[in-house]
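All chains are named by letter (A, B, ...) in the order of the sequence lines, taking the proteins before the strands, and each is independently numbered beginning at 1.
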2 protein chains.
Amino acid sequence: MDRLTALQVFRHVAELNSFAEAGRRLGLSPPAISKNIAELEGHLGVRLINRTTRRMALTEEGRIYLEHVTQGLDALARADQVLGPIKTAPSGTLRVSAPMTVTLTRLSAGIPAFLSRYPDLKLDLHLDDRRVDIVREGFDLAIRGSDNLEDSSLVARKLAVMPHVLCAAPSYFEKHGRPKTPADLKAANCIRFSLSGHADIWEFRKDGRSERIAIEGRYSVSSSLAVRDALRAGFGVSLIPHPYVESDLKAGRLQSALDDWEKVETTLYAVYPARQHLAPKIRVFLDFLIEEFSRDKEKPFVPLRRERSARRSVGEGTEAENQTEILPSISSP
Amino acid sequence: MDRLTALQVFRHVAELNSFAEAGRRLGLSPPAISKNIAELEGHLGVRLINRTTRRMALTEEGRIYLEHVTQGLDALARADQVLGPIKTAPSGTLRVSAPMTVTLTRLSAGIPAFLSRYPDLKLDLHLDDRRVDIVREGFDLAIRGSDNLEDSSLVARKLAVMPHVLCAAPSYFEKHGRPKTPADLKAANCIRFSLSGHADIWEFRKDGRSERIAIEGRYSVSSSLAVRDALRAGFGVSLIPHPYVESDLKAGRLQSALDDWEKVETTLYAVYPARQHLAPKIRVFLDFLIEEFSRDKEKPFVPLRRERSARRSVGEGTEAENQTEILPSISSP
DNA sequence: GACATTGTTTACTGGTAGAGAATGGTGCGA
DNA sequence: TCGCACCATTCTCTACCAGTAAACAATGTC
């Protein structure tokens with residue numbers, strides 16, 4: 001038996017003083033009302049309502065019970081109501097984890113505007129280049145690079161692709177020569193971003209041919225901004241996401257090399273716990289991210305679907321494959 | 001879905017921080033836990049718990065919801081607990097309706113002892129000779145005479161049979177003569193108890209022959225005690241329940257007549273709303289009544305079953321007929 | 001006094017809650 | 001580093017139960 005229904009039936013019957021009326025009000029047939037009350041009484045072992053076919057009245061026990069039940073039901077109803085506004089308007093605290101550099105170069109500036117758009121929203125932004133466990137640490141959303149992406153039940157939304165560029169200061173190239181082939185890098189002073197998945201081996205491609213160079217260098221650092229500073233100082237050469245050095249390249253402070261070779265890309269993802277029942281506060285922040293990262297793109301953002309890891313489903317795994325909404329694994333809408 | 005179950009599942013999961021552990025605690029399988037949480041979230045349109053297979057944490061909404069839900073569930077649990085003691089020990093207020101005379105002559109004296117046996121019990125005893133609507137007026141129990149008994153869904157428990165006796169004061173018989181046959185009463189000054197079902201026609205039986213006498217008299221009164229007073233004063237003759245005049249007959253203040261004729265009997269019933277889930281306070285009072293009315297009987301009380309009104313049931317009305325426990329109509333265990 | 005309303009009972013049925021098996025994911029310990 | 005054990009989820013199946021409809025009994029009213 002559904003006890004919550006039974007309690008609501010009891011309450012209505014008690015307040016309306018009629019089985020039939022309660023039935024009409026609740027959209028239930030008279031027998032259903034009878035049975036609910038009878039089962040409730042059976043469960044409690046107490047008669048709650050004295051009734052003839054024409055008259056009914058609560059027993060003393062019924063009155064006592066009603067009092068407490070009413071409190072309980074009201075509290076539960078309030079629980080539902082409290083979630084109402086939260087369900088529609090962004091509010092509460094949004095906990096976000098994001099890598100330092102990309103935030104400072106691409107995001108940070110737009111956040112005040114975002115926050116003033118949603119006055120009820122608080123943002124708790126943790127800048128951290130390590131891969132946080134978003135469930136354990138209670139984050140609503142995290143921004144990850146592709147070399148940092150776990151294969152989990154989380155949802156990953158692609159934000160941007162950051163092509164890398166090989167560059168150094170003009171002064172460095174003058175002194176040590178400009179590399180003509182990837183192999184030339186073996187002799188160069190390569191500055192390494194230690195948190196990158198491809199920190200020690202740089203890969204280049206051309207005409208379907210791939211060159212993997214194990215690089216050498218005296219400086220390894222866990223922030224791309226520090227790498228940039230070292231580049232600007234003419235200390236060495238590095239493979240770095242293009243956006244981080246875009247203004248430097250334009251201004252001539254840095255120069256690129258091996259432009260005819262394809263380099264790695266770092267894809268940025270927004271990672272969050274679930275697609276279903278996405279909280280508005282997460283929804284709007286996600287929209288904000290998508291907008292920010294597609295702002296100065298030549299062509300609008302085109303979503304890509306990341307292939308799901310092979311499913312060894314028992315039955316015929318046909319249609320479910322395409323319903324990305326209910327897939328728990330990584331995918332991009 | 002049973003929402004109360006879902007809420008309890010949610011609460012356990014939140015407090016134990018584990019789906020599996022909650023399942024073990026509640027005696028449910030892991031899939032059941034998952035489904036309950038998922039359905040609850042679906043119902044609310046809000047994600048309550050972020051979860052991977054190894055880790056789970058409440059969302060902000062989940063924490064807010066849990067708070068209210070806990071309150072609600074606690075209130076409902078309290079409602080059940082409150083009924084616990086009531087269910088076992090007699091307590092609260094017992095509202096009883098009883099006829100004036102029988103109470104004063106047979107019951108009244110024993111009530112203080114009854115009440116001191118149950119210290120938590122209050123008794124609200126309404127002495128009223130009319131037939132009250134016990135459901136409408138909120139009585140827990142009523143004592144009724146057989147000529148007052150409705151054919152309702154109430155339960156009637158036989159308490160005692162009160163044979164009537166035709167009697168008057170010796171002085172009356174001296175002055176007006178002692179009736180030898182029922183027909184002699186036509187000339188007598190008959191005192192009538194107006195609330196009796198047989199106030200105007202007195203019936204006598206002998207050898208299977210029945211005599212119905214339409215009686216005449218100058219005094220009609222709605223209390224048997226007043227009838228007795230008039231008898232004592234030698235004002236007339238009356239047909240009155242034997243117990244009311246027992247001491248008068250013994251002491252010689254009144255004398256009986258037509259002793260070889262059978263007279264009406266008034267059967268006393270205790271009437272109460274239902275046999276199922278009989279409240280202890282009613283149970284003990286019923287026991288008290290049975291004990292009081294069988295106190296000075298020569299042979300112990302033998303329950304009689306009153307025939308149920310004919311049932312035009314569709315199917316073969318076979319066994320249900322004997323299960324008196326579930327019969328709603330009048331019956332005596 | 002016939003009728004209408006109300007609560008209850010009975011028999012039936014559609015929906016659903018829970019179990020079991022299989023899968024994918026994760027952390028711990030050897 | 002690699003199993004191993006555990007965990008949440010999905011899918012499928014089944015048994016049960018809640019609700020309905022129809023019939024009935026009781027009761028008050030026009």
Counting side-chain heavy atoms from CB outward, which of D:dT20, D:dA8, C:dT6 is closest to A:Arg24? C:dT6

Establish, with yes or no, whether the OP1 or OP2 oxygen of D:dC7 is under 4.0 angstrom from a side-chain nitrogen or oxygen of B:Arg51. no

Counterpart residues, side chain to side chain donor-acceptor pair (under 3.5 Å), relative to B:Arg63 (two or more places apart): none

For B:Asn50, which residues count as a side chain to side chain donor-acceptor pair (under 3.5 Å) partner, sequence neighbours excluded? B:Arg47

Sequence neighbours left out, what passes side-chain contact (heavy atoms from CB on, under 4.5 Å) with B:Ala57? Give chain and number order. A:Val135

Ring pair (Phe, Tyr, Trp, His ring centres under 6.0 Å) filter on B:Phe19, not counting sequence neighbours, yields none

Out of D:dT20, C:dG7, C:dA19, which nucleotide sits closest to the side chain of A:Ser34? C:dG7

Quick note, salt bridge (charged side-chain N to carboxylate O under 4.0 Å, His left out) partners involving residues 67-78 of chain A, not counting sequence neighbours, are A:Arg11-A:Asp74

The correct set of residues in residues 13-20 of chain B placing a heavy atom under 4.0 Å from DNA chain D is B:Ser18, B:Phe19, B:Ala20

Side chain to side chain donor-acceptor pair (under 3.5 Å) against A:Glu60, all qualifying residues, sequence neighbours excluded: B:Lys281

Candidates C:dA21, C:dA11, C:dG18 - which lies nearest the side chain of B:Pro31: C:dA21

Cationic tip of A:Arg95 above A:Phe139 ring, under 6.0 Å, 45° of axis: yes

Please tell me which of the listed nucleotides, C:dG18, D:dT10, D:dT20, lies nearest to the side chain of A:Leu28? D:dT20

Using atom names, set out every protein N or O paired with an N or O of nucleotides 27-29 of chain C below 3.5 Å, distance rounded to 0.1 Å.
| unit_1 | atom_1 | unit_2 | atom_2 | d |
| --- | --- | --- | --- | --- |
| C:dG27 | OP1 | B:Arg55 | NH2 | 3.4 |

Under the rule for side chain to side chain donor-acceptor pair (under 3.5 Å), what residues qualify as partners of B:Glu41, not counting sequence neighbours? B:Arg51

